[in-house]
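What follows is one structure encoded as structure tokens, with my remarks underneath.
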Amino acid sequence: MQSNQDKLVTVFGGSGFVGRHVVRALCKRLYRVRVATRRPDLAGYLQPLGRVGQVHAVQANVRHPASVTAAVRDADVVINLVGILFERGAQRFGAVYAGGAEVVARAAVAASARVVHVSAIGADAESTSIYARTKAAGEEAVRAASSDAVIFRPSIQFGPEDDFFNRFAAMARMMPALPLIGGGATRMQPVFVGDVATAIADAVDGKAAVGALYELGGPEIFTFKQLMQYVLATIERQRLLVPLPFPVAKVLAQVLQFLPKPLLTPDQVELLRSDNVVSEAARREARTLEGLGIEPTAIETVVPSYLWRFRKTGQFQNRAA
Ligand SMILES: NC(=O)c1ccc[n+]([C@@H]2O[C@H](COP(=O)([O-])OP(=O)(O)OC[C@H]3O[C@@H](n4cnc5c(N)ncnc54)[C@H](OP(=O)(O)O)[C@@H]3O)[C@@H](O)[C@H]2O)c1
């Protein structure tokens, strides 16, 4: 029988926020890991996550099919974690989330590898957000290439390098107020990136239902306003919370989108018009973290450990301890 040490997993986007947690989880389970990214030179920090020679990085761009074919050669499982938060140059949502997903899934099937694809809650062909529409098109392309593919849709993810809590804590440090986009009523179900990585590694192990679509959320649902209040309480700062109606937020985002790393884009405003929570259908059918036997981690367990640096005193006290 083949042991995990004989199995190769190619992880597209393995150098990203979610990717590093997935690579760590796969290393613990002794898989050989090939990280496929446009800048493998920047992925050197992943090697210490495994034993000598267990992790290596190769150059691949999901917009260039020949590089994808080379990256999946001899792989047993292919994971797609490629992501962009905003469009720049040739990195368009359609090219990365729809076209790229199709190229990766087809190449994986041609190499006789199983496919694990990461999409997002909110993927919807009818959405007003391009991100959400192209995520839906990506899921459809993956399903067309492989009816056995396991697809994960996480809600917003938290963890030390996340883009959500860190971003708003940084804004609160600099600014007298935080915006409540659309009034702050959008519901979210933040999920720990480590739990998402465990679910993905379980799918690689073959523990997920073949051909299933899982929705991954944390143990609690919050409104956007409650999350802003939580950030402020955690970093012990008092700031105004200013409701910004969607049309006003959109105008502001039209300007902010031109920053090198935009604080807000018009498409992100569109995304915030819909709740980002696990659907009733997924819960009923146990296509969730709990359905995989994973107990979701609460934000209070993890977030204070990395937001402490935004406090005035800069001292970390674990309130849960
Ligand atoms: N973070 C969240 O809260 C969240 C929530 C729900 C769903 N997701 C989904 O989870 C996935 C991973 O997200 P993340 O937060 O880890 O993103 P991330 O930190 O931005 O990482 C994205 C990864 O994709 C790679 N990449 C980007 N363009 C590429 C291309 N054209 N070809 C090959 N690789 C490319 C990047 O490496 P290079 O730049 O070196 O190529 C990087 O490794 C995405 O599909 C995202 O939509 C994330």
Side-chain angles (χ1 to χ4, degrees), residues 10-24 33-46 57-72 78-105 107 116-123 129-139 142 151-168 188-197 199-200 214-218 227 261-262 267-268 271 276-278 299 303:
T10 295
V11 187
F12 286 90
S15 61
F17 164 54
V18 185
R20 76 189 72 184
H21 291 268
V22 169
V23 169
R24 184 181 293 122
V33 181
R34 181 188 288 155
V35 171
T37 156
R38 289 171 306 161
R39 297 292 309 271
D41 49 314
L42 300 181
Y45 67 90
L46 294 170
V58 298
Q59 204 281 335
N61 185 331
V62 296
R63 293 182 285 105
H64 301 154
S67 71
V68 172
T69 302
V72 302
V78 170
I79 304 173
N80 185 355
L81 287 169
V82 169
I84 54 172
L85 279 177
F86 48 86
E87 298 185 313
R88 282 288 182 273
Q91 288 278 90
R92 317 308 293 180
F93 286 132
V96 171
Y97 287 135
E102 177 172 6
V103 167
V104 170
V116 178
H117 179 75
V118 177
S119 180
I121 286 185
S129 149
I130 310 171
Y131 173 90
R133 284 202 304 276
T134 55
K135 277 290 195 189
E139 289 181 1
V142 168
I151 300 178
F152 289 107
R153 286 180 175 179
S155 183
I156 183 113
Q157 295 178 59
F158 63 90
E161 316 83 4
D162 71 41
D163 198 58
F164 185 85
F165 287 107
N166 281 304
R167 183 200 303 216
F168 288 105
M188 299 177 162
Q189 198 171 348
V191 59
F192 177 45
V193 64
D195 293 339
V196 173
I200 292 171
Y214 287 85
E215 297 187 4
L216 308 179
L227 289 173
K261 197 179 171 207
D267 201 62
Q268 286 165 353
L271 259 186
N276 198 287
V277 298
V278 172
I299 57 173
V303 175

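Just so you know, ligand 1 is whichever comes first in the structure, and atom 1 is the first atom listed for that ligand.
- With atom 5 (C) of ligand 1 as the reference point, the heavy atom nearest to it among P190, S155, A60 is part of S155.
- Only the side chain of Y97 comes within 4.0 Å of ligand 1, counting heavy atoms alone; its backbone N, CA, C and O stay farther away.
- A distance of 13.0 Å separates NE2 of H64 from OG1 of T69, quoted to the nearest 0.5 Å.
- Y97 has its ring centre less than 6.0 Å from the ring centre of Y131.
- With a heavy-atom cut-off of 4.0 Å, Y131 touches ligand 1 through its side chain alone.
- Considering only non-hydrogen protein atoms, atom 8 (N) of ligand 1 sits nearest to Q157 NE2, 3.7 Å.
- With a 4.0 Å heavy-atom cut-off, ligand 1 is reached by no atom of R153.
- Taking atom 20 (O) of ligand 1 as the reference point, the nearest protein heavy-atom neighbour is G83 O, 3.9 Å.
- You'll find the side chain of V278 stays beyond 4.5 Å of the side chain of V191, heavy atoms only.
- Around atom 9 (C) of ligand 1, the closest heavy atom drawn from S119, G99, G159 belongs to S119.
- What sits closest to atom 12 (C) of ligand 1 on the protein, heavy atoms only, is L81 O, 3.1 Å.
- What sits closest to atom 25 (C) of ligand 1 on the protein, heavy atoms only, is G13 CA, 3.9 Å.
- Interface of S15 with ligand 1, defined as ligand atoms under 4.0 Å from a residue heavy atom, comprises 37 (O), 42 (C), 43 (O).
- If you check which protein heavy atom lies closest to atom 35 (C) of ligand 1, you get V82 CG1, 3.5 Å.
- Results of the side-chain contact (heavy atoms from CB on, under 4.5 Å) test with V104 over V82, N80, V142 single out N80 as the only residue that passes.
- D163 CG to F17 CZ: the interatomic distance, rounded to the nearest 0.5 Å, is 8.5 Å.
- Scanning Q91, R39, H117 for the heavy atom closest to atom 28 (N) of ligand 1 points to Q91.
- Proximity to V18 (heavy-atom distance under 4.0 Å) selects the following atoms of ligand 1: 12 (C), 13 (O), 14 (P), 15 (O), 16 (O).
- The nearest heavy-atom contact from the protein to atom 10 (O) of ligand 1 is V118 CG1, 3.6 Å.
- Proximity of atom 39 (O) of ligand 1 to the protein is indicated by at least one non-hydrogen atom lying closer than 4.0 angstrom.
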>> Does F168 form a side chain to side chain contact (heavy atoms under 4.5 Å, CB included) with L227? I'd like the steps, not just the answer.
In response: CA-CA 10 Å; F168 288 105; L227 289 173; over 6 Å; no
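- From the protein, the heavy atom lying nearest to atom 32 (N) of ligand 1 is V62 N, 3.0 Å.
- Looking only at protein heavy atoms, the nearest one to atom 19 (O) of ligand 1 is F17 N, 2.8 Å.
- Within the 4.5 Å cutoff, no side-chain heavy atoms of K135 are placed close to those of F93.
- A side-chain contact (heavy atoms from CB on, under 4.5 Å) with P154 is found for one member of N276, I121, V118 and no other, namely V118.
- Residues satisfying the side-chain hydrogen bond (donor to acceptor under 3.5 Å, both in side chains) criterion with E87, sequence neighbours excluded, are R92.
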